[in-house]
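Data first, discussion second: the structure below is written as structure tokens.
Here the structure is a predicted model, which is why all the values come from computation and not from measurement. In what follows, every heavy atom counts, from backbone to side chain, and hydrogens, waters and symmetry copies are set aside. Ligands are counted one by one from 1 in listed order, and the atoms in each one are counted from 1 as well.
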Amino acid sequence: MSATPDHGGSGASGRPARTAAVIPAAGRGVRLGPGAPKALRPLSGTPMLVHAVRAMAGSRSVSLVVVVAPPDGADEVRRLLDAYPLSGSLSDTTEVVVVPGGETRQESVRKGLAAVPETVTTVLVHDAARPLVPVDTVDAVAAAVRDGSPAVVPALPLADTVKQVEPRTGERAGEPEPVVGTPERALLRAVQTPQGFDRATLVAAHEKIALEGEGATDDAGMVERLGVEVVVVPGHEEAFKVTRPLDLVLAEAVLARRRANDGF
Ligand SMILES: Nc1ccn([C@@H]2O[C@H](COP(=O)(O)OP(=O)(O)OP(=O)(O)O)[C@@H](O)[C@H]2O)c(=O)n1
Ligand SMILES: C[C@](O)(CO)[C@H](O)COP(=O)(O)O
């Protein structure tokens with residue numbers, strides 16, 4: 001894997017990149033507990049970020065990957081990516097670029113987007129914290145954008161019933177929270193990444209939200225505020241987000257199952 005300091009506006013093949021993946025990887029991983037920045041923590045001996053880059057590079061359509069590193073960690077991330085092979089025959093057609101991120105996921109994605117050349121028509125935004133997303137899910141999202149949807153999110157139905165509550169804050173923090181509603185579960189979806197976008201639509205959404213000084217927890221939510229239709233395609237249970245310590249246990253189990261399956 002070779003991580004160039006600047007993008008040349010083309011995939012490693014020399015052809016202009018048409019589909020790029022932006023991987024926000026600048027988070028600290030506070031919910032995971034003390035340790036290195038989350039994206040750099042190992043899963044089966046390989047940093048989470050490397051798994052995520054491989055998942056994007058494994059997609060036939062992605063020819064440019066923009067990794068968004070912790071604000072002061074771009075050089076370290078470049079060195080780390082150089083130390084790991086992309087592990088696949090597609091490595092010679094995927095360019096990997098590293099840029100420094102920001103204080104929020106939103107800011108990090110915006111900085112990653114700024115490194116995507118205008119020749120790119122489709123942008124996938126994928127959390128480094130979802131390292132085990134199957135390539136088929138990546139391909140399905142990219143294909144739906146290419147087929148004309150300006151914004152596509154992979155998602156799964158919920159297993160739990162969800163309650164809306166009145167949060168207790170300040171002096172009342174910690175008190176039981178009154179339930180104010182129960183949304184109909186069949187209408188809800190748990191949204192994953194990669195989320196795929198028409199590049200110009202995603203850029204416009206980030207510009208609008210930055211101007212308005214608002215925040216959103218995912219990129220599709222920003223596009224919704226533009227009034228542009230967002231559609232859902234099936235997600236995958238292995239695309240879960242590594243957020244808390246138990247998620248690491250699950251991730252190791254998924255990798256062990258993949259190794260066992262590869263052995264047969
Ligand atoms: N300033 C930030 C914050 C988050 N992210 C990235 O956004 C993705 C989803 O964020 P999350 O899982 O919430 O990661 P953290 O912010 O690291 O987690 P925590 O909230 O527990 O600190 C991750 O790949 C994370 O690296 C980012 O690029 N820049
Ligand atoms: C983008 C995301 O992964 C979609 O589910 C999610 O919103 C990220 O949230 P986080 O709090 O930054 O982990």
Side-chain angles (χ1 to χ4, degrees), residues 21-43 47-56 65-74 76-77 80-81 97-116 123-133 137-138 141 151-160 162 188-197 202 205-206 209-210 214-225 230-248 250-251:
V22 172
I23 303 185
R28 293 186 184 85
V30 171
R31 288 168 288 181
L32 202 55
K38 180 161 71 179
L40 307 187
R41 298 202 206 182
L43 281 181
M48 208 177 292
L49 171 62
V50 173
H51 289 281
V53 173
R54 286 177 178 167
M56 294 300 112
V65 176
V66 177
V67 172
V68 188
D72 55 358
E76 183 189 352
V77 166
L80 182 126
L81 292 176
V97 167
V98 180
V99 299
E103 281 308 307
T104 62
R105 181 185 185 281
Q106 186 176 324
E107 197 185 339
S108 292
V109 173
R110 191 169 51 77
K111 288 185 162 190
L113 259 181
V116 173
V123 177
L124 307 181
V125 181
H126 181 60
D127 294 334
R130 296 183 188 270
L132 304 184
V133 61
T137 306
V138 181
V141 170
V152 179
V153 294
L156 292 176
L158 301 189
D160 296 320
V162 174
L188 300 177
R189 298 289 180 269
V191 170
Q192 305 176 324
T193 69
Q195 299 188 347
F197 304 93
L202 184 59
H206 269 269
I209 216 139
E214 289 183 16
T217 55
D218 76 336
D219 301 282
M222 300 182 207
V223 171
E224 286 162 47
R225 290 190 215 175
V230 176
V231 296
V232 163
V233 297
H236 196 285
E237 58 182 2
E238 293 182 3
F240 66 93
K241 184 152 66 68
V242 175
T243 306
R244 302 181 188 89
L246 192 60
D247 299 323
L248 287 175
L250 181 59

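Geometrically, ligand 2 and Gln192 share no nitrogen or oxygen pair separated by less than 3.5 Å. Ligand 2 has an N or O atom lying under 3.5 Å from an N or O atom of Thr217, backbone or side chain. Between Gln195 and ligand 2, a contact under 3.5 Å exists for no N or O pair.
The nearest protein atom to atom 4 (C) of ligand 2, hydrogens excluded, is given as Val191 O, 3.4 Å; this is a heavy-atom distance. Protein heavy atom in closest approach to atom 11 (O) of ligand 2: Arg31 NH2, 3.3 Å.
Within the listing of ligand 2, atoms 3 (O), 8 (C), 9 (O), 10 (P), 13 (O) sit less than 4.0 angstrom from a heavy atom of Lys241. Those atoms of ligand 2 that come under 4.0 Å of a heavy atom in Arg130, given as number and element, are 2 (C), 3 (O), 4 (C), 5 (O). Remark: ligand 2 atoms within the under-4.0 Å shell around heavy atoms of Arg105 are 1 (C), 12 (O). Of all atoms in ligand 2, listed by their number and element, those nearer than 4.0 Å to a heavy atom of Asp127 are 1 (C), 2 (C), 3 (O).
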Intermediate values then yes/no, side-chain contact (heavy atoms from CB on, under 4.5 Å), Arg54 and Val50: CA-CA 6 Å; Arg54 286 177 178 167; Val50 173; 3.6 Å; yes
Step by step, work out the side-chain contact (heavy atoms from CB on, under 4.5 Å) result for Val133 and Thr193. CA-CA 8 Å; Val133 61; Thr193 69; over 6 Å; no
Start with the C-alpha distance between Leu81 and Leu49, add both sets of side-chain angles, then the distance that settles side-chain contact (heavy atoms from CB on, under 4.5 Å), and finish with yes or no. CA-CA 9 Å; Leu81 292 176; Leu49 171 62; 4.2 Å; yes
Candidate pair Leu248 and Met48, rule side-chain contact (heavy atoms from CB on, under 4.5 Å), full reasoning: CA-CA 10 Å; Leu248 287 175; Met48 208 177 292; 4.1 Å; yes
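For ligand 1, the 4.0 Å heavy-atom shell contains residues Pro24, Ala25, Ala26, Gly27, Arg28, Gly29, Val30, Arg31, Lys38, Gly102, Glu103, Thr104, Arg105, Ser108, Asp127, Ala128, Ala129, Lys241.
Side chains of Val22 and Ser108 form no contact here, defined as non-hydrogen atoms less than 4.5 Å apart. Within the 4.5 Å cutoff, no side-chain heavy atoms of Met56 are placed close to those of Val53. Side-chain contact between Asp219 and His206 is present, with heavy atoms from C-beta onward closer than 4.5 Å.
With respect to Val109, the side chain to side chain contact (heavy atoms under 4.5 Å, CB included) criterion is satisfied by exactly one of Val125, Asp127, Asp218, Val68: Val125.
Gln192 places a side-chain N or O within donor-acceptor distance of the main-chain N or O of His236, the cut-off being under 3.5 Å.
Atom CZ of Arg28 has 12 or fewer heavy atoms from other residues, nucleotides or ligands within 6.0 Å.
Ionic pairing of Arg130 and Asp247 is not present here: no N-O contact between side-chain nitrogen and carboxylate oxygen is shorter than 4.0 angstrom.
Residue Gln106 places no heavy atom under 4.0 Å from ligand 2.
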